[in-house]
Every structure is written in C-alpha cells, then in structure tokens.
There are 2 protein chains.
Amino acid sequence: MPKLGMEPIRKAALVKATIVEIGRAGSLDVTVSQIAKRAGMSSALAHHYFGGKEALFIAAMRHVLSLYGAEVRGALLGAATPAARITAILQASFSATNFRREVVGAWLNFYVLAQTAPEAKRLLAIYQRRLRSNLLVGLRPLAGERARDLADGLGALIDGLYLREVLKDGAPDGAAAVACARAYLNAHLKECPL
Amino acid sequence: MPKLGMEPIRKAALVKATIVEIGRAGSLDVTVSQIAKRAGMSSALAHHYFGGKEALFIAAMRHVLSLYGAEVRGALLGAATPAARITAILQASFSATNFRREVVGAWLNFYVLAQTAPEAKRLLAIYQRRLRSNLLVGLRPLAGERARDLADGLGALIDGLYLREVLKDGAPDGAAAVACARAYLNAHLKECPL
DNA sequence: TTTTTTGTTGATTGACGAGTCAATAAACTT
DNA sequence: AAGTTTATTGACTCGTCAATCAACAAAAAA
C-alpha cells in the first residue's frame, strides 16, 4: 500500500541506518541489505533511492557533518564574547554526541574514504574551513595577526585530541580535551587568557 | 623447486605487499589474492603462513610501527640536548617516509581497525605510550612539572597535524607541521624556547 | 632408502553480496 | 477508464573471495 511522498522519509531512514550500521561494524564493511533491513525496507529500495553503496556513504557523512554544524551553531548562539565563542566551539566539538559509537565510526571511516573519494575529501575540506573560520572570528580580537596560525594549530589539536579520546581505553572524556585545548590557547594568549 | 628457510622471506614479502596494497586501495578492502600476487606467490601460501587476512593486517601494522620506531630512535641518536630530542622526534614524525601513500593508508586504516580489533588497539596504545615517553625525556628538563600535560597535548597535536597534512589537497608539508608543533612548545616554554 | 618435514599451488567449495528486473499495487492525471 | 507516475519487493544474475584440500616437489632425518 504505497503512500506517495515517501522518498525523503525513506532516504532519511536509510541515512540513519547507514550511520548506525557503520558504527556497529566499525568500518564501511556493511552490506546494503543490512542497512536496508535496519531501515525497514528491501535492499532493492535502497538501490532505487541512492543508486549504490557509495552514494549512501556520502549522504551519511553529509548528515554527520550537518549535525555537527548545527551543534556548533547552537552553541555559538549564546556566546557573547570572543572567548565565549572559542569555548562554545570546543564544547560542541567534544560533546557527548560526537563520542557516540556511530559518530566515531563515521568520522574514522570518513578519513579513510577521504583518501580516495573526491567527494569525501571535498566534504572534509568544507568541515575544516568552517571550523577554521569559526575559530578565527573568536581569535582575531584576542590574537590579532597571530589568529590565523593559532586557528590552524587549534584545529589540528582538536582533531588530534578527538582521535585520542576516541581510541583510548575507557570512556572518552570531553572535558579533559577541552581543558587541553584551552591550555594551548592560554599559553599563546598570556595577556588575556580565556 | 622449494628451498628451505623460506618462511621468514615469504612472511616479509607478504607484509610488504599488504602495506602496498592497502596504500593502493586506500582501505582494508584488499583481497588475499592481490596481496599474494604482489608478493609473488599463490594465495594459498599466504593463508598457509598467516592463517587469515586479519593476521596479515596486524602484522603489517606492527611493521609500520616498527619502521616508525626505528626512525625515531635513529633521529634521537644525534640529539644531545633536550631541545634537540624534541626536534628529532618531530622531524621523524613528519618525515617523508610517513607521508608515503602506503604509510598513510596503513595509519588511517589502523585507526579504523583499532575500534574493533583489540590487538590493533593494543598496538596503537604502545605507539602512543612510546611517543609520550620519548617526549617526556626531552620535556622534563625544560618544563618540569608541566612536562606531563605538555607531552599529552603535543602528542595529540602531532596526530592532528599529521591527519591534516595527509588529507589536505596537494603535497604534504612536513616542515610546516614541525613549525606548528614547535610554536606550541615555544608558547609554553617562553623562558627557554627551542 | 624410506620417512618426515617444509614449501608450494591449482582447483574447488561454499558463502555472500551488489546491482538488475519484472511484476505488483496504490495513487494521481487526463 | 485508461494511462502515468511513484512505491515496493522477491527472485535472480553475475561476480568475488576467503578458506580448504589434495597433491606434488625437494630437502632433511632416520
């Protein structure tokens, strides 16, 4: 009993299921059937709507990225001062959301895919530019000329801290990562620490 | 015409071929046959010596890690002062070797595998501990109490910078990464910069 | 020399999976 | 009412691949 207008609903369900399955497997080694089953439909329908596995992965990444973007924007809403902006970005980056198994799996496999899939590389570049630009808005009033270099270093530090939190034994500790990133900035901004 | 004592030779060839194939594919999605072919033997022999694909991957990782370890040790040989030790570690970490396609592929997939394969996680932990310990030897004379926190932050920064260099468009620039890591330290060690 | 150990492969098995297609059905259009 | 578009699936094709095995070859041991 087909209802019309299913396309966006099915697509959303498939994207979600893709992320969950990648999280469960820890890799891109998941079958379209698994994904479709979790999304409550036949694998043929997944092919119908996405055309192939790769498109499904790309869509899933886009979704993870947009979730993260929304979280950052939300955190920035209540940030009045430059220092508060930086803090907001750090907290959004190390929020519990980003430590969920599915999100971790998506990110790590995202990196792998970015080596070979141009679209994945493009998405990653967009994420990095946006992060950099967000950091710069906060850093320029605090660091002036040095803001650019600081933002680059801080961006890399965020990625590195995330990687370590995510791969270490035991539960990840976002607060520790935030503290470490803060220390990085405070060392560079001894005049006016965060 | 079987010669005796082939086992170590075959194993080494397989490990090397595994790394090359992972680099070519950019993922762990490589077949035992591909690997065996590149190593100049039948896939059956690969199974004979390693028992399965996973063992092959683990052995490949171990090899990459041991190469890196050797490079660091080599660089540390000529390092007389604490500051020189840090510089040596940074340069070894961002050497051209580590930016070769195969090595990059190995590392990124290593991270993915570490999510689910305990042995991979163990190896990664060993690498991180060793890096930390190496950094500490250099940092303690320079930073005293703060050495621990500095080493943790610097370790994460190294990983993050590597990730960014490796995934950006264009050729990776190890020198820039070294400079950025140096700036991190100098900001914390304003009394006695590197 | 017979036996055992080591090295080696072609062929095979058994399973799985991506993508296609024909068919079915409900909903809109004319 | 007839035709078109959208939704949906089971069954199928075609390919791939990990792992196994029987068998063969040569060196070492007995």
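Proteins come first, then strands; the chains are lettered A, B, ... in the order of their sequence lines, and each starts at number 1.
Close placement of the A:Tyr127 and A:Tyr68 rings is indicated, their centers lying within 6.0 Å of each other. With ring centers used as reference points, B:Phe110 lies 6.0 Å or more from B:Phe57.
Atom C1' of nucleotide C:dA18 and atom CD of A:Glu21 are separated by 16 Å, given to the nearest angstrom. Rounded to whole angstrom, the span from the NE2 atom of A:His47 across to the C1' atom of C:dA18 amounts to 5 Å. Summarising the geometry, the separation between NZ on A:Lys11 and C1' on D:dT8 is reported as 16 Å, rounded to the nearest angstrom. The CD-P distance, from A:Glu7 to D:dT8, rounds to 10 Å in whole Å. Nucleotide C:dA18 holds its C1' atom 12 Å from the CD1 atom of A:Ile35, rounded to whole Å. Per the geometry, CD1 belonging to A:Ile9 stands 14 Å off C1' belonging to D:dT8, to the nearest Å. Distance CG (B:Leu45) to C1' (D:dT20): 14 Å, rounded to an integer number of Å. The separation between B:Met6 atom CE and C:dT9 atom C1' is 14 Å, rounded to whole Å.
Between B:Lys37 and B:Glu21 there is no salt bridge, since no side-chain nitrogen of the basic residue lies less than 4.0 Å from a carboxylate oxygen of the acidic one.
The side chain of A:Leu4 lies closest to D:dT6 when the candidates are C:dG17, C:dG7, D:dT6. In the set C:dT20, D:dT8, C:dG17, the nucleotide with an atom closest to the side chain of A:Gln34 is C:dG17. Across D:dT8, C:dT8, D:dT9, the shortest atom-to-atom separation from the side chain of A:Ala44 is found for D:dT9.
With A:Asn98 contributing its side chain and A:Ala92 its backbone, the two residues share a donor-acceptor pair below 3.5 Å.
DNA chain C is contacted by both B:Ser42 and A:Gly52; B:Ser42 maps to the nucleotide lying nearer its 5′ end (nearest heavy atom per residue).
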A:Glu102 vs A:Lys16, test: salt bridge (Lys or Arg N to Asp or Glu O under 4.0 Å). Steps then yes/no.
CA-CA 10 Å; A:Glu102 315 94 76; A:Lys16 208 167 185 177; over 6 Å; no
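In this structure, B:Tyr49 reaches the C:dG7 phosphate: one of its side-chain N or O atoms is under 4.0 Å from OP1 or OP2. The shortest distance between the side-chain N/O atoms of A:Arg10 and the OP1/OP2 oxygens of D:dT8 is below 4.0 Å.
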